[in-house]
Amino acid sequence: MKIEEIFDAYKECVMPTYTKYPLIFVKGKGSRLWDIHNKAYLDFFPGWGVCNLGHCHPKVTQAVREQAGKLIFIPNNYYHPQQAKLAKEMVYWSFPSKVFFCNSGAEANEAAIKFSRKYGKGRFEIITFEDSFHGRTLAALAATGQKKYQSGFEPLPEGFKAVKFNDLEAVKNALSSKTVAVMLELVQGEGGINVAKKDFVIGLRKLCDENNLLLIFDEVQTGIGRTGKLFCYQHYGVIPDIMTLAKGLGGGLPIGAMLVKKEITDTLGPGMHASTFGGGPVICKAALAVLKAIQKEKLLTKAQRAGEYLFLKLNELKGKFPVIKEARGMGLMAGLELAVEGKQVVEKCLEKGVLINCTHGNVLRFMPALNISKKEIDKALAVLAEVLEGI
Ligand SMILES: *Cc1c(COP(=O)(O)O)cnc(C)c1O
């Protein structure tokens, strides 16, 4: 297809639900991407937090190739070795739990919401937070504490109350006899990289224990090494009752997962929840390769070090450019709050060959691959400095 034909096909045949840059990508390797003109880009936001191992990690590619030639799909009323291995591995690296497999972050959260309602036996209210993001399906959207995503889709499923983030009193005040769960991201991603305070999370655990509430961590974005530990909750020493995962888990392939504390997993029995594609052989094999590579290549240590370096450099930039209000985040999940809209900065970085993101209007977001090098960080931030110079 010629370049114009590609743009035309999108224009005529693809639903226009995304704001797009006029770039056509054809190849990726590690933190680099190539467009159709063979121009190379440094990807400082690979796959919106999906490609935590960089693009086309050789072990993931190999796993997919192998499994695709053997058995691509088998439904969930039979057994296959890859799902068994992956579930075992996920439970081993997290907390005593059982896994439900689905295909995306929204689906994982949807599963958590349904699980909570079944568990509640009449209690159904879930407390969520302002500026949270839990996905685009109706219940996940209702759980999302941002009006801009919800507007026009009312009536939303009821039973969600969004209160102020990092405010334990607000949670206490929102409790009722109908409350069954509290759901949060430990670092709010789409909401502008807002980090949960340790006291707050510890307080939530205590509050949930005292009131028989489920504590749900949405680790769709923070999970799989993003914050320097395999799961973000490990920074807090607080174990949730339910954890949801997606983005980084499949190395670029679609997967979602809900992990539920072992004692309560029987809440859902046969026929109560399902996903046709969930946990298929190819995706499980890919996810296994991701988890293996993280251990083998010491990517958590690397992400911690790279994260420290990144924040050092971001704070240097902050000292230099008054337009930067704050650098915040954890590990390799970093946000730079600007005093102006970030859109122009993203566009100018793009022109100069560096892909970054802006969320919440004025927060530049960087989530490079866990194996990003110092040199690549230097390069990305040099370009960013150049762009900020002109603002
Ligand atoms: C991206 C995201 C989701 C939604 O995931 P999808 O795979 O797009 O459905 C949910 N929660 C968080 C925290 C996310 O970052």
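Numbering of ligands and ligand atoms starts at 1, following listing order.
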*Does the gap between the ring centers of Phe129 and Phe200 come in under 6.0 Å?*
yes

*Looking at atom 5 (O) of ligand 1, what's its closest protein heavy atom, distance included?*
Gly105 CA, 3.3 Å

*side-chain contact (heavy atoms from CB on, under 4.5 Å) with Thr179: which of Val171, Ile127, Asn211?*
Ile127

*Is there at least one pair of N or O atoms, one from Gly135 and one from ligand 1, spaced under 3.5 Å apart?*
no

_Subset of ligand 1 atoms that lie under 4.0 Å from at least one heavy atom of Ser104_ = 7 (O), 9 (O)

_According to a hydrophobic-cluster definition based on side-chain heavy atoms being under 4.5 Å apart (Ile, Leu, Val, Met, Phe, Trp, Tyr only), do Phe153 and Ile113 belong together?_
no

*Identify, by atom number and element, the atoms of ligand 1 in contact range of His134, meaning under 4.0 Å from any of its heavy atoms.*
10 (C), 11 (N)

_Out of all atoms in ligand 1, which are within 4.0 Å of some heavy atom of Lys247? Include the element for each._
1 (C), 2 (C), 3 (C), 14 (C), 15 (O)

*Give a yes or no on whether the ring-centroid distance for Phe95 and Phe231 is below 6.0 angstrom.*
no

_Where ligand 1 meets Phe133 - atom numbers and elements under 4.0 angstrom, heavy-atom basis_ = 2 (C), 3 (C), 4 (C), 11 (N), 12 (C), 13 (C), 14 (C)

*Of all the atoms in ligand 1, which lie at a distance below 4.0 Å from a heavy atom belonging to Asn109?*
10 (C), 11 (N)

_Criterion side-chain hydrogen bond (donor to acceptor under 3.5 Å, both in side chains) against Gln221, the qualifying member of Glu185, Glu190, Arg226_ = Glu190

_Taking 4.0 angstrom as the limit and counting only heavy atoms of Asp218, give me the atoms of ligand 1 inside it, by number and element._
10 (C), 11 (N), 12 (C), 13 (C)

*Verify whether one side chain among Asn194 and Asp131 offers a donor that lies under 3.5 Å from an acceptor in the other.*
no

*Under 4.0 Å from atom 8 (O) of ligand 1, do we find at least one protein heavy atom?*
no

*Flag if over 12 foreign heavy atoms under 6.0 Å of CZ, Phe277*: no

_Within the 4.0 Å heavy-atom shell around Ala106, which atoms of ligand 1 are there?_
4 (C), 5 (O), 6 (P), 9 (O)

*Close-contact set for ligand 1 against Glu185 heavy atoms, below 4.0 Å*: 13 (C)

*Could you tell me whether Phe100 and Phe115 have their ring centroids closer than 6.0 angstrom?*
no

